[in-house]
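Have a look at the structure below, then the notes.
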Amino acid sequence: METTQQTGEPGAAERRRRELLEAADRVVLRDGPKASMNAIAAEAGITKPILYRHFGDKAGLYQALAVRHTDALLDSLRAALDAPAERRRRVEATLDTYLTAIEARPQVYRFLMHPAEDSHTAERGFDVGLHSAPLLRRLGEELAQVISERVDLGSDGERLARVWGHGIVGMMHAAGDWWLGERPCDRADLVTALTDLLWGRLATAGNRKDGPGF
């Protein structure tokens, strides 16, 4: 069992935190939204008070996991946006990257986006919506920046890019959540349908002369 004594080594503390997040990931993959601090502490081989010392509470652990998974997702989305292909193909690849991520690890997605209906009393105050909204806003701002840097939307382009960025992320999230729960069609069919929906002004807007192109 780990003691509560601090190591005094920032590198060791960061490694231990990463190990605890990996243990939390294993529990979340198994239990989804029902993942508890007790189960995560047991998986890591520590007591719950020590887990609290590292993350504060379940909200702190959630935030750390959200950053971890959002960073990985953003890296994948950027790679899809930067791929050498024409615009529609890159839009399709970006949508498919998001849907592939939530399909591959649905329990992680549900932990980040949905509360457990039968949460333990001590954790019932954990508000998933309070913490998932910043995650979606971060994705929206990142996409808005990409659009603003690459697409010529005129004098009001920065504002419109933010509208589009958050709108597209909202569409991806809502459609992906519905699709993951009901599976009404293949992932490829959903990607095509969502791309068709987007393929209005985005298809005809010119690239910025000083940008890398979109």
Side-chain angles (χ1 to χ4, degrees), residues 17-41 43-44 51 55 57-81 91-120 123-144 146 165-195 197-198:
R17 182 180 173 87
R18 185 169 59 250
E19 290 168 358
L20 294 177
L21 286 174
E22 289 169 356
D25 262 344
R26 291 193 294 272
V27 175
V28 170
L29 281 170
R30 184 184 71 228
D31 299 340
K34 297 180 181 180
S36 69
M37 296 292 275
N38 281 328
I40 293 168
E43 177 70 23
L51 190 60
F55 298 102
D57 54 16
K58 191 174 183 180
L61 176 62
Y62 170 93
Q63 184 177 17
L65 285 171
V67 169
R68 176 184 175 95
H69 288 286
T70 303
D71 285 348
L73 177 59
L74 283 170
D75 286 344
S76 298
L77 293 175
R78 290 189 193 102
L81 285 167
V91 170
E92 289 176 333
T94 302
L95 292 169
D96 188 62
T97 295
Y98 174 81
L99 294 171
T100 297
I102 67 173
E103 182 181 34
R105 306 188 82 187
Q107 290 287 61
V108 172
Y109 170 80
R110 293 184 180 108
F111 175 81
L112 293 175
M113 294 297 177
H114 294 283
E117 295 180 357
D118 57 348
S119 297
H120 297 289
E123 298 174 356
R124 195 165 288 154
F126 176 65
D127 185 350
V128 169
L130 179 67
H131 301 280
S132 59
L135 185 158
L136 293 172
R137 282 199 298 272
R138 182 183 173 197
L139 289 175
E141 289 295 330
E142 291 277 349
L143 182 55
V146 169
H166 289 283
I168 291 170
V169 166
M171 180 194 73
M172 285 197 309
H173 169 60
D177 193 81
W178 163 74
W179 171 77
L180 193 63
E182 296 190 13
R183 296 302 178 99
C185 60
D186 291 339
R187 189 178 75 243
D189 291 336
L190 180 61
V191 167
T192 298
L194 293 179
T195 305
L197 178 61
L198 289 173

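Nothing fancy with the numbering, it's 1 onward along the sequence. Hydrogens, waters and symmetry mates are skipped; everything else that's a heavy atom, side chains included, is used.
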| Once you round to the nearest 0.5 Å, how far does CG of Asp189 lie from CH2 of Trp179? | 10.5 Å
| query | Quick one: does Tyr109's side chain get under 4.5 Å of Asp177's, heavy atoms only? | reply | yes
| request: For Leu143 and Gly165, work out which heavy atoms get closest and say how close. | output: CD2-O, 3.8 Å
| task | Start with the C-alpha distance between Leu136 and Met113, add both sets of side-chain angles, then the distance that settles side chain to side chain contact (heavy atoms under 4.5 Å, CB included), and finish with yes or no. | result | CA-CA 10 Å; Leu136 293 172; Met113 294 297 177; 3.8 Å; yes
| query | If we only count heavy atoms from C-beta on, is the Met171 to Leu198 side-chain gap below 4.5 Å? | reply | yes
| task | Could you grab the distance from atom CG of Leu73 to atom CD1 of Ile102, nearest 0.5 Å is fine? | result | 9.5 Å
| said: Would you say that Lys58 contacts Ile40 through its side chain, given a criterion of any heavy-atom pair below 4.5 Å between the two side chains? | reply: no
| said: I'd like to know if the side chain of Asp186 and the backbone of Ala188 have a donor-acceptor N/O pair within less than 3.5 Å. | reply: no
| task | Give, for atom OG1 of Thr192 and atom CZ of Arg187, the distance between the pair rounded to the nearest 0.5 Å. | result | 11.0 Å
| message | Show the nearest heavy-atom pair for residues Ala35 and Val28, with the distance to one decimal. | response | CB-CG2, 4.0 Å
| note | For His166 and Gly140 the tightest heavy-atom approach is ND1-CA, 3.6 Å
| For the atom pair CG (Leu112) and OG1 (Thr70), what is the distance rounded to the nearest 0.5 Å? | 7.0 Å
| note | What one should report as the nearest heavy-atom pair of Leu29 and Gln107 is O-CG, 3.4 Å
| note | Note: Leu77 and Thr94 closest approach over all heavy atoms is CD2-O, 3.5 Å
| note | Correct closest heavy-atom pair for Leu190 and Ala175 would be CD2-O, 4.3 Å
| said: Do Gln63 and Phe55 have side chains that approach each other closer than 4.5 Å (heavy atoms only, starting at C-beta)? | reply: no
| said: I want to check something: taking the side chain as every heavy atom from C-beta on, are Leu180 and Arg110 in contact at a cut-off of under 4.5 Å? | reply: yes
| Out of curiosity, Leu74 CG to Thr97 OG1, how far, rounded to the nearest 0.5 Å? | 11.5 Å
| Gap between atom CD of Glu103 and atom CZ of Arg183 - 0.5 Å precision | 4.5 Å
| message | I'd like to know if Asp25 and Arg18 make a salt bridge, using a cut-off of under 4.0 Å between side-chain N and carboxylate O. | response | no
